[in-house]
Chemist: 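Below you will find the structure I want to go over with you.
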Amino acid sequence: GYNFNASNYGGRWVYLPYAARNADGRSTGFTLRNVSGGNISGNAHYYDQDGTLRISYPFTLASAQVMGRAQVSDMVPVGWVGSILLEASGPILAIMREDAPNRTAGYNGLALAL
């Protein structure tokens with residue numbers, strides 16, 4: 001995972017529109033933080049590009065706890081490209097890091113009002 005300082009304005013649903021595992025040399029990893037002030041539980045839902053749910057990973061976090069997942073370690077095939085929807089029982093924030101040959105980039109997850 002990656003450490004970050006964030007505001008305490010999160011959402012119960014956070015969307016990461018691009019995720020990859022060794023797709024043309026590009027791989028991603030996300031870090032999420034519980035900003036609820038209490039314990040939360042949730043799931044990271046991985047979707048294929050056609051919208052099919054590929055796999056879900058459960059998580060639990062204490063207040064202000066941070067966790068991360070690298071897609072190279074997840075149960076998705078090499079070459080996979082898709083998206084991740086983080087669902088939690090309390091507000092969370094997330095960032096995504098993308099590593100590619102000769103560069104690294106990152107973006108904030110999109111908190112959704114569902």
Side-chain angles (χ1 to χ4, degrees):
Y2 308 99
N3 291 327
F4 67 101
N5 292 321
S7 74
N8 57 356
Y9 299 103
R12 290 190 52 239
W13 298 81
V14 176
Y15 181 57
L16 302 168
Y18 177 82
R21 179 179 181 197
N22 296 332
D24 295 323
R26 299 165 69 178
S27 290
T28 58
F30 69 84
T31 299
L32 70 94
R33 181 177 182 184
N34 174 1
V35 294
S36 74
N39 294 333
I40 64 166
S41 60
N43 289 286
H45 304 290
Y46 288 53
Y47 291 90
D48 292 338
Q49 288 180 303
D50 66 3
T52 302
L53 178 62
R54 164 76 58 173
I55 194 166
S56 294
Y57 293 100
F59 61 83
T60 56
L61 296 171
S63 178
Q65 186 177 0
V66 175
M67 66 153 284
R69 292 197 71 96
Q71 281 61 76
V72 295
S73 302
D74 288 334
M75 297 299 295
V76 292
V78 171
W80 178 81
V81 174
S83 61
I84 299 172
L85 180 63
L86 304 170
E87 167 197 12
S89 60
I92 57 173
L93 292 171
I95 56 172
M96 179 66 90
R97 176 179 166 156
E98 177 187 343
D99 295 313
N102 302 314
R103 70 178 176 86
T104 297
Y107 64 85
N108 295 323
L110 306 169
L112 306 175
L114 296 176

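Given the structure is predicted, the values throughout are model-derived calculations rather than measurements. What you see below is based on every heavy atom in this structure, not just the backbone, and it leaves out hydrogens, waters and symmetry mates.
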Chemist: Rounded to the nearest 0.5 Å, how far apart are CD1 of I92 and CD1 of I40?
Modeler: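 I92 atom CD1 to I40 atom CD1 measures 6.0 Å (nearest 0.5 Å).
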
Chemist: Is there a donor-acceptor pair closer than 3.5 Å between any side-chain N or O of R12 and the backbone N or O of A88?
Modeler: yes

Chemist: Looking at every non-hydrogen atom in both residues, tell me the closest pair between W80 and G82 and how far apart they are.
Modeler: CZ2-CA, 3.6 Å

Chemist: Is there side-chain contact between V72 and N22, with heavy atoms separated by less than 4.5 Å?
Modeler: yes

Chemist: So, for Y107 and L16, which heavy atoms are closest and what is the spacing to 0.1 Å?
Modeler: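 Closest heavy-atom pair between Y107 and L16: OH-C, 3.7 Å.
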
Chemist: Donor-acceptor pair, D50 side chain versus T52 backbone, under 3.5 Å?
Modeler: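 A pair under 3.5 Å: yes.
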
Chemist: Between F30 and A44, what is the shortest heavy-atom contact and its length?
Modeler: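 Answer, listing the atom of F30 first, then A44: CZ-CB, 4.1 Å.
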
Chemist: Is there a side-chain contact between V14 and L32 in this structure, where contact means two heavy atoms from C-beta onward sitting under 4.5 Å apart?
Modeler: no

Chemist: How about E98 and Q71: do any of their side-chain heavy atoms sit closer than 4.5 Å?
Modeler: no

Chemist: Which heavy atom in A23 sits nearest to a heavy atom in G79, and how many Å separate them?
Modeler: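 Closest pair (atom of A23, atom of G79, distance): CB-O, 3.8 Å.
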
Chemist: Find the distance between CG (L86) and CG (L93) and round it off to the nearest 0.5 Å.
Modeler: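 So the gap between those two atoms works out to 10.5 Å.
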
Chemist: Got a donor-acceptor contact below 3.5 angstrom from the D74 side chain to the V76 backbone?
Modeler: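 Not a single qualifying donor-acceptor pair exists.
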
Chemist: Let me confirm one number: the CZ-CD1 distance from R33 to I95, rounded to the nearest 0.5 Å.
Modeler: 11.0 Å

Chemist: Are the side chain of N43 and the backbone of S56 linked by a donor-acceptor contact shorter than 3.5 Å?
Modeler: no

Chemist: Looking at A20, is its backbone amide N or carbonyl O close enough to the side chain of T28 to form a donor-acceptor pair, meaning the two atoms are under 3.5 Å apart?
Modeler: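 The answer is yes, because a donor-acceptor pair under 3.5 Å joins these two groups.
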
Chemist: Could you check whether any side-chain N or O of D99 sits under 3.5 Å from a backbone N or O of S27, counting only pairs where one atom can act as donor and the other as acceptor?
Modeler: no

Chemist: Measuring only between side-chain heavy atoms, which start at C-beta, is R69 closer than 4.5 Å to I84?
Modeler: no

Chemist: Can you name the closest pair of heavy atoms from N34 and G37 and give their distance?
Modeler: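 What the structure gives for the nearest pair is OD1-N, 4.2 Å.
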
Chemist: How close do H45 and L53 get, heavy atom to heavy atom, and via which atoms?
Modeler: CB-CD1, 3.8 Å

Chemist: Could you grab the distance from atom CG of L112 to atom CD of E87, nearest 0.5 Å is fine?
Modeler: 11.5 Å

Chemist: Of all residues at least two apart in sequence or in a different chain, which pass the ring pair (Phe, Tyr, Trp, His ring centres under 6.0 Å) check with Y57?
Modeler: Y46

